[in-house]
Amino acid sequence: HYSSGVSVMRRSGLHGVLVMAMSMMTGALALAQSDAPSQAPATKPTPPKKVALTGGRIIPVVGDDLAKGTILIENGKITAIGADVAVPFDAMEVDCTGKVLFPGMIDPHSARGLDIANENVPVTPFLNVYDAVDPSKLFFEDSLRDGVTTVHVIVANECVVGGVSRIVRPIGLSVDEMTVMPDVAMKFSTTPKSGFDRMQQLATLREAFADLDYSLERLAETKYEDQIKKDGKKIDVGPAEARKRGKELIKDSDYDDRQLNMVRLRRGDLGAWIYCGAATDVGPAIKVATDQKLLDRTVFVLGPESFKAAGELKKAKRPVVLDPNLVYRERDELTGELKETFIPKKIRDAGVEFALQPNPSASLAERYLNYQAAVCVRNGIPRKAALESITINPAKFLGMEKELGSLEVGKVANVVIMSGDPLDFSSWVELVYIDGIKAYDRKNDFRIEELLKLEQKVGARNQERKDAEQAKNAKAAGD
């Protein structure tokens with residue numbers, strides 16, 4: 001009944017064919033424990049009881065690196081890490097000699113797995129990304145190929161109050177199979193959406209909370225009146241006291257769709273992720289979060305210019321997700337001089353904890369999270385801080401640091417096996433384990449294989465043209 005202006009997402013017959021095709025492909029890439037491709041089962045597969053990743057260099061992110069060691073995985077969890085770990089006789093051993101073992105990377109903020117990034121209606125707290133996640137999106141396949149094992153799927157920034165987000169694995173035939181954690185956070189924005197100015201944006205945001213308060217008061221009063229009538233009594237208190245007593249009678253089933261998620265936000269069941277596209281949007285975002293008592297659960301998602309409010313962010317003592325464009329360029333209005341600012345350095349120098357996003361809209365390299373981290377190191381960010389920004393930091397922001405973000409005993413076995421150091425752009429992902437299950441094997445990646453074949457064909461054609469041109473020039477010189 002909130003259909004006005006909200007797009008209805010239906011899966012067409014073609015989409016169903018794509019889902020089937022993608023399911024066959026992801027099964028081949030993801031869940032085979034041998035080199036032979038196999039189709040994924042309909043339910044989440046059971047991890048092998050014991051897997052030992054042996055002989056590789058281990059970068060746990062938390063703690064010191066190991067030049068050569070073993071990670072023992074049992075029932076999907078890491079049970080031992082070290083240089084002298086004994087491999088059980090019944091463990092499946094994977095030789096990682098010459099390889100690098102790294103925690104699965106975390107994409108902290110993405111709408112690319114959705115059928116649509118944002119709805120037209122500005123205030124949509126009743127929406128949940130569960131209804132729009134498309135498992136057949138190539139985005140998820142690319143994420144897995146790039147070493148990303150966890151994606152925080154959340155509506156994009158073109159909203160006032162968006163919907164509820166979800167943490168997923170980038171593999172699975174259904175949203176339920178992909179889900180790591182449902183109902184993570186509510187999305188907000190203090191940056192004007194299309195057609196809004198800043199006054200309208202902030203007024204609409206404040207109105208959303210005011211409407212909630214008003215409707216909850218009415219509901220509480222009604223619940224008290226209904227209870228009094230049921231008990232055969234007369235109302236003997238004023239409206240204020242009736243509302244106070246009625247609040248204790250309200251159940252979740254009494255809230256309508258527009259109220260429920262906002263109530264869950266207020267009582268601490270959901271976090272708040274607030275987009276601040278410009279420096280001037282940061283102050284209002286902090287104020288809204290403070291006024292609504294959400295600040296201790298708020299993550300600020302920054303636009304390129306928002307680093308200029310680093311002082312305010314430092315005082316707020318809350319983490320941020322940086323814009324995918326790590327360099328901010330502006331021209332001096334008086335001199336015309338072009339000035340470049342490396343955003344992560346400004347944010348880190350202010351003492352604000354940050355996470356990085358991939359940048360699929362830029363050149364090829366920026367789509368990789370580990371490349372974004374390498375750019376940070378090149379621009380003065382310590383290596384440890386850069387690696388944390390794509391692993392343990394986003395895990396913390398999502399409340400999953402006890403399960404994800406590093407290679408530690410007791411954590412979920414999300415492990416990326418790379419050909420070299422993750423910050424060396426000549427390295428590539430060879431194997432990915434999610435929950436202790438082999439989810440990706442480069443040897444079985446038919447898309448990579450086809451691209452390499454195409455590259456070889458193009459190279460052969462270019463060589464033929466070059467040889468023909470040389471022969472032609474030689475003939476002309478002889479004549």
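Position 1 is the first residue of the sequence, and the numbers go up from there. Because the structure is a prediction, the values reported are computed rather than measured.
- When all heavy atoms are compared, the tightest approach of C376 to L356 is SG-CD1, 3.8 Å.
- Counting all heavy atoms, side chain and backbone alike, V161 lies closest to M262 at CG1-SD, 4.3 Å.
- Taking CG of D323 as the start and CD of E305 as the end, the distance is 11.0 Å to the nearest 0.5 Å.
- Using a 4.5 Å heavy-atom threshold, the side chains of L127 and E119 count as touching.
- The main-chain N or O of A156 is found under 3.5 Å from a side-chain atom of N118 such that the two form a donor-acceptor pair.
- The backbone N or O of I437 lies less than 3.5 Å from no partner atom in the side chain of D435, so there is not a single donor-acceptor pair.
- The distance from the OG atom of S143 to the CD1 atom of I106 is 12.5 Å, given to the nearest 0.5 Å.
- Atom NZ of K345 has 12 or fewer neighbouring heavy atoms from other residues, nucleotides or ligands inside a 6.0 Å radius.
- For the atom pair I274 CD1 and T190 OG1, the distance stands at 7.0 Å (nearest 0.5 Å).
- Proximity of a side-chain donor or acceptor of R318 to a complementary backbone N or O of F300 within less than 3.5 Å is not detected.
- A heavy-atom distance below 4.5 Å is not found between the side chains of P103 and L387.
- Distance check, rounded to the nearest 0.5 Å: CD of E93 to CG of L72 gives 10.5 Å.
- For the pair E353 and K396, the minimum side-chain heavy-atom distance is below 4.5 Å.
- The closest side-chain heavy-atom distance from L302 to F307 is not below 4.5 Å.
- Smallest separation of non-hydrogen atoms from N261 and M186: CB-CE, 3.5 Å.
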Checking side chain to side chain contact (heavy atoms under 4.5 Å, CB included) for the pair L322/Q372: CA distance, chi angles, key distance, verdict? CA-CA 11 Å; L322 298 184; Q372 295 283 69; over 6 Å; no
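- Shortest non-hydrogen contact noted between K99 and S419 is CD-CA, 4.3 Å.
- The shortest distance between side-chain heavy atoms of F354 and P344 falls below 4.5 Å.
- Minimum heavy-atom separation, R258 to P125: O-CG, 3.6 Å.
- Annotation: the span from E74 atom CD to T79 atom OG1 amounts to 4.0 Å, rounded to 0.5 Å.
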Could you go step by step and tell me if F102 and N370 meet the side chain to side chain contact (heavy atoms under 4.5 Å, CB included) rule? CA-CA 11 Å; F102 188 65; N370 53 317; 5.8 Å; no
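- Heavy atoms of other residues, nucleotides or ligands lying less than 6.0 angstrom from NZ of K247 number 12 at most.
- Looking only at distances, a side-chain donor or acceptor of S306 sits under 3.5 Å from a matching main-chain atom of C276.
- Counting non-hydrogen atoms of other residues, nucleotides and ligands closer than 6.0 Å to CG of D90 gives a total above 12.
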Evaluate the salt bridge (Lys or Arg N to Asp or Glu O under 4.0 Å) criterion for residues R112 and D107: first the C-alpha distance (whole Å), next the side-chain angles of each, then the deciding distance (0.1 Å), finally the verdict. CA-CA 11 Å; R112 293 179 62 220; D107 187 339; 5.8 Å; no
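- Taking the charged nitrogens against the carboxylate oxygens, R267 and D269 do have a contact shorter than 4.0 Å, which makes a salt bridge.
- Two residues are said to be in side-chain contact when any heavy atoms from C-beta on lie closer than 4.5 Å; V148 and F139 fail this criterion.
- Judged purely by atom type and a 3.5 angstrom limit, T54 has no side-chain atom pairing as donor or acceptor with the backbone of I71.
- Ring geometry for F425 against Y368 counts as perpendicular: the plane angle is over 60°, on a 0 to 90° scale with 30° as the lower cut.
- To the nearest 0.5 Å, atoms OH (Y433) and OG1 (T149) are separated by 14.0 Å.
- A 6.0 Å sphere centred on NZ of K346 holds no more than 12 heavy atoms belonging to other residues, nucleotides or ligands.
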Test salt bridge (Lys or Arg N to Asp or Glu O under 4.0 Å) on D142 and R145 and set out the steps. CA-CA 5 Å; D142 285 337; R145 181 180 289 116; 2.7 Å; yes
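- In this structure a side-chain-to-backbone donor-acceptor pair under 3.5 Å is missing from E401 to I392.
- Under a 3.5 Å cut-off, the side chain of S406 and the backbone N or O of V61 do not form any donor-acceptor pair.
- Looking at every heavy atom in both residues, A316 comes nearest to L295 through O-CD2, 4.1 Å.
- D146 places none of its side-chain heavy atoms less than 4.5 Å from the side chain of V429.
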Step-by-step side chain to side chain contact (heavy atoms under 4.5 Å, CB included) determination, R447 to L138: CA-CA 11 Å; R447 290 189 188 275; L138 290 180; 3.5 Å; yes
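- Residue V175 is tested with V133, D131, V153 for a side-chain contact (heavy atoms from CB on, under 4.5 Å); the sole match is V133.
- Annotation: D252, atom CG; neighbour count of heavy atoms from other residues, nucleotides and ligands within 6.0 Å is above 12.
- In this structure a side-chain-to-backbone donor-acceptor pair under 3.5 Å is present from R297 to L270.
- You'll find the side chain of L212 reaches within 4.5 Å of the side chain of R266, heavy atoms only.
- Side-chain contact of S174 with D176: a donor-acceptor pair under 3.5 Å is absent, judged by distance alone.
- Side-chain atoms of R329 never come within 3.5 Å of backbone atoms of T341 as a donor-acceptor pair (strictly under, hydrogens ignored).
- With 3.5 Å as the limit, one finds no donor-acceptor pair spanning the side chains of N157 and K193.
- Under the 3.5 Å distance criterion, the side-chain polar atoms of N359 are left unmatched by any main-chain donor or acceptor of E366.
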Could you walk me through whether F209 and V288 pass side chain to side chain contact (heavy atoms under 4.5 Å, CB included), step by step? CA-CA 10 Å; F209 285 104; V288 167; 4.1 Å; yes
